[in-house]
Amino acid sequence: MSAESKSDLPNKTEPEASTVKVPSCCAARRMAVETSPGCGTPSMNMDHKQTAADVNVITASGARTSALSGTSSRPDTSSWPIIPEGTYILGTDDGEGFASDAEGPARPVHVQSFRISPHTVTNADYAEFVAATGYITEAERFGWSYVFHLLLSDPESVNIVGSPLQTPWWNGVEGTYWRQPEGPGSHVLDRMNHPVVHVSWNDAQAYCEWAGVRLPTEIEWESAARGGLEGKRYPWGDVLRPDGEHRCNIWQGVFPTKNHASDGYLGTAPVDAYKPNGYGLYNMSGNVWEWCADWFTQNPDKRGSTEQPQGPMQGTSRLMKGGSYLCHQSYCNRYRIAARSSNTPDSSTGNIGFRVVADIE
């Protein structure tokens with residue numbers, strides 16, 4: 001599978017689920033070329049039920065063209081928080097970090113100022129984009145996406161096309177996409193202010209082209225997530241639950257069988273749930289993994305220069321930050337600011353979303 005963004009998908013036949021082998025604790029990669037042992041998301045490593053030829057596909061470039069005559073409102077970035085220009089620390093030397101993910105060594109990096117959305121793109125936001133452009137997500141083109149087993153809309157009636165061998169709690173469910181996040185019969189009508197999920201990196205890019213924004217680089221994401229604090233593990237400090245207060249949406253219980261949801265949510269939470277950080281940004285830890293612009297690398301020397309680093313020039317997977325509602329301290333501990341994971345650019349699951357940034361002119 002090419003690491004490049006794709007508008008055309010190969011016409012393949014579906015393998016038996018037992019042949020699907022994935023290399024990590026909770027992150028399945030289509031190609032085990034550059035993997036992370038971290039808890040993340042399964043990639044679309046089973047052959048697709050549909051191909052681009054089966055549906056009327058509108059790609060990212062098509063979305064941009066269609067949007068020129070669209071009447072839906074693009075996001076107003078003028079009130080978004082400004083992250084000031086300065087030197088920020090990229091990565092960590094924290095003992096809880098994962099050296100195999102290239103979290104360290106920590107190093108100072110200079111960043112230009114930029115604006116960032118206070119929360120992830122919502123279902124309502126994405127609906128505006130789709131209404132304006134007619135864009136069809138990759139999950140819709142493939143005909144399925146991954147749903148966590150405890151969140152299936154109807155386990156008895158949904159059609160499960162398979163599960164990764166080492167992460168059987170993820171089910172590939174036919175008919176799942178951003179409007180039906182737990183499969184056929186589910187909907188987002190009562191979750192319009194929740195993060196849009198089942199969007200690939202390519203789908204996020206298409207939204208950015210329409211909205212006139214872009215995905216953040218890793219250092220932009222980290223500098224924003226810290227909220228003005230230096231060297232802290234989380235956006236609010238070093239203690240996960242200060243004074244016993246839940247500050248993010250992560251797994252509470254025994255993964256992957258029991259989530260007692262003491263933080264208030266079994267799945268996604270509203271994008272403005274919990275207290276914001278010092279920059280007024282919500283859910284920089286937990287809730288959903290957030291796509292970033294960078295290619296992922298496990299080589300610390302390839303994470304870019306000390307001046308506005310952009311990450312490696314190429315790769316097989318795109319970077320994700322922030323962790324999700326499935327992260328647990330005993331299992332992956334990747335809702336820390338410096339934690340990182342990745343997935344192939346065409347992959348989508350029920351716990352991947354994105355937030356965007358805008359350049360200051």
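All values below were derived from every heavy atom in this structure, side-chain atoms included, with hydrogens, water molecules and symmetry-related copies excluded.
- Side-chain atoms of E138 do not come within 3.5 Å of backbone N or O of S347 as any donor-acceptor pair.
- Using modelled atom types, no side-chain atom of S145 and backbone atom of A139 make a donor-acceptor pair closer than 3.5 Å.
- Side-chain contact between I89 and P108 is present, with at least one heavy-atom pair separated by less than 4.5 Å.
- Note that CD of E140 is 9.0 Å distant from OH of Y135, once rounded to the nearest 0.5 Å.
- Atom NE2 of H260 sits about 11.5 Å away from atom CG of L266, to the nearest 0.5 Å.
- Of all the heavy atoms in G91 and A338, the pair that sits closest is C-CB, 4.0 Å.
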>> Run the side chain to side chain donor-acceptor pair (under 3.5 Å) test on N193 and T122 for me, step by step, so that the C-alpha distance in whole Å, both residues' side-chain angles and the decisive distance to 0.1 Å come before the verdict.
In response: CA-CA 5 Å; N193 66 331; T122 66; over 6 Å; no

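- Annotation: side chain of P81 is in contact with side chain of L281 (closest heavy-atom distance under 4.5 Å).
- In summary, D263 and R247 do not engage in a salt bridge, as defined by a charged side-chain N under 4.0 Å from a carboxylate O.
- Cation-pi geometry between R318 and W295 is satisfied (NZ or CZ under 6.0 Å from the ring centre, within 45° of the ring normal).
- With T297 contributing its side chain and R303 its backbone, the two residues share no donor-acceptor pair below 3.5 Å.
- Both V213 and V196 are assigned to one and the same hydrophobic cluster, defined by single-linkage of ILVMFWY side chains at heavy-atom distances under 4.5 Å.
- Here F255 and W169 bring their ring centres to under 6.0 angstrom of each other.
- L90 and F296 fall into different hydrophobic clusters, where Ile, Leu, Val, Met, Phe, Trp and Tyr are joined by side-chain heavy atoms under 4.5 Å apart, directly or via other members.
- Taking the six-membered ring for Trp and thresholds of 30 and 60 degrees, Y146 and W144 have ring planes more than 60 degrees apart, a perpendicular arrangement.
- Under the ring-ring contact (aromatic ring centres under 6.0 Å, His included) rule, Y126 has a single partner from W178, W210, Y177, which is W178.
- Side-chain contact check for I337 versus R233: every heavy-atom pair is 4.5 Å or farther apart.
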>> Between H198 and T349, is the side chain to side chain donor-acceptor pair (under 3.5 Å) condition met? List the steps.
In response: CA-CA 5 Å; H198 298 292; T349 73; 5.9 Å; no

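- Between E128 and R74 there is no salt bridge, since no side-chain N of the basic residue sits under 4.0 Å from a carboxylate O of the acidic one.
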>> Would L152 and I160 count as a side chain to side chain contact (heavy atoms under 4.5 Å, CB included) here? Give the steps.
In response: CA-CA 10 Å; L152 291 172; I160 297 175; 4.3 Å; yes

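- When atom types are taken as modelled, the side chain of N259 and the backbone of Q252 share a donor-acceptor pair closer than 3.5 angstrom.
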>> Using the rule given for side chain to side chain contact (heavy atoms under 4.5 Å, CB included), can you reason through I83 versus Y279, listing the C-alpha separation, both sets of side-chain angles and the distance that settles it, and then say yes or no?
In response: CA-CA 8 Å; I83 309 304; Y279 289 142; 3.4 Å; yes

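- In terms of heavy-atom proximity, H187 sits nearest to R191 at O-NH2, 2.6 Å.
- Salt bridge E218/R340: present, at least one basic N to carboxylate O contact under 4.0 Å.
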> Run the side chain to side chain donor-acceptor pair (under 3.5 Å) check on N333 and E96 step by step: do they pass?
Replying inline: CA-CA 8 Å; N333 196 19; E96 288 198 11; 2.8 Å; yes

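- Looking only at distances, no side-chain donor or acceptor of S43 sits under 3.5 Å from a matching main-chain atom of T344.
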> Between V158 and S153, is a side chain to side chain contact (heavy atoms under 4.5 Å, CB included) present by the stated rule, with each step listed?
Replying inline: CA-CA 8 Å; V158 296; S153 58; 3.6 Å; yes

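- One N or O on the side chain of W291 and one on the backbone of V199 form a donor-acceptor pair closer than 3.5 Å.
- A cation-pi arrangement is not found for R115 relative to W80, the charged atom failing to lie both closer than 6.0 Å to the ring centre and inside a 45° cone about the ring normal.
- F354 and F129 fall within a single hydrophobic cluster, where Ile, Leu, Val, Met, Phe, Trp and Tyr are joined by side-chain heavy atoms under 4.5 Å apart, directly or via other members.
- A salt bridge links R226 with E222: the closest approach of a Lys/Arg side-chain nitrogen to an acidic carboxylate oxygen falls below 4.0 angstrom.
- Counting only heavy atoms from C-beta outward, the side chains of E220 and R214 approach each other to under 4.5 Å.
- Y234 is not connected to L326 by any chain of hydrophobic side-chain contacts under 4.5 Å among Ile, Leu, Val, Met, Phe, Trp and Tyr, and they are in different clusters.
- Hydrophobic cluster membership is shared by W251 and W170, with clusters built from Ile, Leu, Val, Met, Phe, Trp and Tyr side chains linked at under 4.5 angstrom.
- When all heavy atoms of Y335 and C327 are compared, the pair lying nearest together is CD2-CB, 3.5 Å.
- In this structure, the side chains of N283 and H119 stay at 4.5 Å or more apart for every pair of heavy atoms.
- Across all their heavy atoms, P168 and N171 have their closest contact at O-ND2, 3.5 Å.
- N277 places a side-chain N or O within 3.5 Å of a backbone atom of A224 that can act as its donor or acceptor partner.
- For F148 and Y325, the ring centers are positioned 6.0 Å apart or more.
- Counting only heavy atoms from C-beta outward, the side chains of L240 and I250 approach each other to under 4.5 Å.
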>> Run T268 and V288 through side chain to side chain contact (heavy atoms under 4.5 Å, CB included) and show every step you take.
In response: CA-CA 7 Å; T268 59; V288 292; 4.0 Å; yes

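- Counting only heavy atoms from C-beta outward, the side chains of V188 and P181 approach each other to under 4.5 Å.
- Residues H194 and V271 approach most closely at C-CG1, 3.7 Å, considering heavy atoms.
- In this structure, the side chain of K321 does not engage the main chain of W289 through any donor-acceptor pair within 3.5 Å.
- Side-chain contact between W201 and M320 is absent, with no heavy-atom pair separated by less than 4.5 Å.
- A salt bridge links E245 with K275: the distance from a Lys NZ or Arg NE/NH1/NH2 to an Asp or Glu carboxylate oxygen falls below 4.0 Å.
- Put simply, CG on N343 and OG on S317 are 6.0 Å apart, with the number rounded to the nearest 0.5 Å.
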>> Before you tell me yes or no, could you show the steps for N202 and S200 under side chain to side chain donor-acceptor pair (under 3.5 Å), namely the whole-Å CA-CA distance, both residues' side-chain angles and the distance that decides it to 0.1 Å?
In response: CA-CA 5 Å; N202 296 324; S200 68; 4.5 Å; no

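- In this structure, P184 and Q180 approach most closely via the heavy-atom pair CA-NE2, 3.7 Å.
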